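One structure is given here, and the rest of the page talks about it.
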Protein chains: 2
Amino acid sequence: MLAVVFQVGDVTSRKPALNVLLWQRALDPERGKWALPGGRLRDDEDLTTSVRRQLAEKVDVREIAHLEQLAVFSEPGRVPGVRTIASTFLGLVPSPATPELPPDTRWHPVNDLPPMAFDHGPMVAYAQARLVAKLSYTNIGFALAPREFALSTLRDIYGAALGYQVDATNLQRVLGRRGVITPTGTTAHPGRNGGRPAALYRFTDSQIRVTDEFAALRPPG
Amino acid sequence: MLAVVFQVGDVTSRKPALNVLLWQRALDPERGKWALPGGRLRDDEDLTTSVRRQLAEKVDVREIAHLEQLAVFSEPGRVPGVRTIASTFLGLVPSPATPELPPDTRWHPVNDLPPMAFDHGPMVAYAQARLVAKLSYTNIGFALAPREFALSTLRDIYGAALGYQVDATNLQRVLGRRGVITPTGTTAHPGRNGGRPAALYRFTDSQIRVTDEFAALRPPG
DNA sequence: TCAAAAGTGTTCAGACTACACCCATGA
DNA sequence: TCATGGGTGTAGTCTGAACACTTTTGA
């Protein structure tokens, strides 16, 4: 099992980035290269339990707001030595939680990845593609955002995860209409430059939910 | 590995049904119940190759127009005896190809499944949900339809796979606008009841392709 | 009073559904 | 010429992108 764990970093600054959790290999093969966290499955646990257990060594498990299966990588020669099959997972950690990391482990921006071990590079790319797609038709943003947030913050989070800037106006309307976000009624304090105080929102659910199931060919009625 | 292989049966009649390929277990455990085709992975093949090899015993491999990974089922107690992990696949066979089947193997309508072995029932349900979703945002219909077809036939195929009737008019326009289907220029002969001859179409590609990537939050421009 | 940030209003285009209407064929 | 099945026209709704404009704050 291998997990691609994402978090949006630097939410308060103006240039947030989508980061992925990697650890640096101390031993051959691929010494010095960066790898996804993971490990072997035990006989008494299922895959999801196993991934959560493996990640507990890297990040606080309670901070993983969403975890789902991605693809299985099974090419016979994908790693040297005994034949190994990798079942990959997508994990999401909300901002701004910054759990303590072991010394060999770091967050890396997905737009500037270090040399990656084995076939872990394509796995990160696959995971991001899946995240991008799900941002547009599910409420999966709940797993990246703080509990309460201003719309401009959410705009930056979506922008980092999608890889392009989105309009806060339309984000509010799309997510509002679908019932994905709810206003809390409270407002944030403006920064030192002034500006109108921002209304705060939260995600309505903290479980993934498909909000826009059919692009076309939806059932009649 | 286990494969959920679908085909739409009775395309020429007026009530086509979505069928799944099952074989009946002759031995305990679960003797007499119906199971998905599959088998064990060899050390020198990847999962896709393995699934194709396993299915060759059941259906002609050339008839599998599409094959993709689904989920991994890994609960420790999902089958009795030694712990087994099932990686499931979705396979699609075009109509009206009707390959010869071994005596223990049959097509069963998904709406009227026999008693299923182990956890294979939920696997079929999961596969159909994925198929339904992909019909609306990809060109995956190519793997269920004949090479050339009238729109009313395609309407029945989509209806069987989706579980509800669709409008042939709008199907034509949606798939036409997206470039999924192309008119061949030829027409079919009317049946004995008369009626205007139907124009024939074919799918433009025979490889899966996402046609409607973003439900919302698409990139600017 | 001005700049900055947030929020609202408005317009526009595209996609999809539903349904009425027209066309071509066999008996 | 009529029943049958196929195809086209069209209206109407909904969604979302873009962008101008207004509101609320700190300095």
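Below, read A as the first sequence line, B as the second, and so on, with proteins coming before strands; counting in each chain starts at 1. Note that this is a predicted model, so its numbers are computed, not measured.
As rounded to whole Å, 9 Å separates atom P of dG16(D) from atom CG of Leu175(A). Nucleotide dG14(C) holds its C1' atom 17 Å from the CZ atom of Phe214(B), rounded to whole Å. Rounded to whole angstrom, the span from the OH atom of Tyr158(B) across to the P atom of dT17(C) amounts to 12 Å. Between the OH atom of Tyr164(A) and the P atom of dA18(D) there is a distance of 11 Å, rounded to whole Å. Rounding to whole angstrom units, CG of residue Asp156(B) and P of dG5(D) are separated by 12 Å. Residue Gln165(A) contributes atom CD, which lies 15 Å from atom C1' of dA17(D) at whole-angstrom precision. For Leu217(B) and dA17(D), the CG to P distance is 6 Å, given to the nearest whole Å. Note: CG (Leu200(B)) to C1' (dG6(D)) measures 12 Å, nearest angstrom.
Applying the salt bridge (charged side-chain N to carboxylate O under 4.0 Å, His left out) test to residues at least two apart or on different chains, the pairs with a partner in residues 205-221 of chain B are Arg178(B)-Asp212(B), Asp205(B)-Arg209(B).
Distance OH/Tyr137(A) to CZ/Phe214(A): 12.0 Å, rounded to 0.5 Å.
No engagement by Ala188(B) is indicated, since no non-hydrogen atom pair under 4.0 Å with the nucleic acid exists. Within the 4.0 angstrom heavy-atom criterion, only backbone atoms of the sugar-phosphate kind lie near Ala199(B); the bases stay farther away. Across all strands, Ala215(A) comes closer than 4.0 Å only to sugar-phosphate atoms, never to a base (heavy-atom distances).
Toward the 5' end of DNA chain D, the nearer of the two residues Arg178(A) and Tyr201(B), judged by each one's closest nucleotide, is Tyr201(B). Mapped onto DNA chain D by nearest heavy atom, Ala198(B) and Leu171(A) fall at different nucleotides, with Ala198(B) at the one closer to the 5' end.
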Reading nucleotides 19-27 of chain D from the 5' end, what letters show protein touch, with B for base, S for backbone sugar-phosphate only, - for no heavy atom under 4.0 Å? B---BBBSS
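Remark: Arg202(A) pairs with Glu148(A) by the side-chain hydrogen bond (donor to acceptor under 3.5 Å, both in side chains) rule, at least two apart or across chains. By the side-chain contact (heavy atoms from CB on, under 4.5 Å) test, Ala160(B) is found to be paired with Val8(B), Pro16(B), residues two or more places apart in sequence or in another chain being considered. Not counting sequence neighbours, the partners of Gln24(B) by the side-chain contact (heavy atoms from CB on, under 4.5 Å) test are Trp34(B).
Taking 4.5 Å as the limit, every side-chain heavy atom of Val51(A) sits out of range of all side-chain heavy atoms of Ile64(A).
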Let me check something: any side-chain donor-acceptor pairs from residues 109-127 of chain A under 3.5 Å, sequence neighbours excluded? List them with distances.
from: Asp119(A); atom 1: OD1; to: Arg78(A); atom 2: NH2; distance (Å): 3.2
from: Asp119(A); atom 1: OD2; to: Arg78(A); atom 2: NE; distance (Å): 2.7
from: His120(A); atom 1: ND1; to: Leu36(A); atom 2: N; distance (Å): 3.0
from: Tyr126(A); atom 1: OH; to: Arg130(A); atom 2: NH1; distance (Å): 3.3

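A close approach under 4.0 Å does not occur between any side-chain nitrogen or oxygen of Gln172(A) and OP1 or OP2 of dA6(C). Distances shorter than 4.0 Å separate none of the side-chain N or O atoms of Arg218(A) from OP1 or OP2 on dT13(D).
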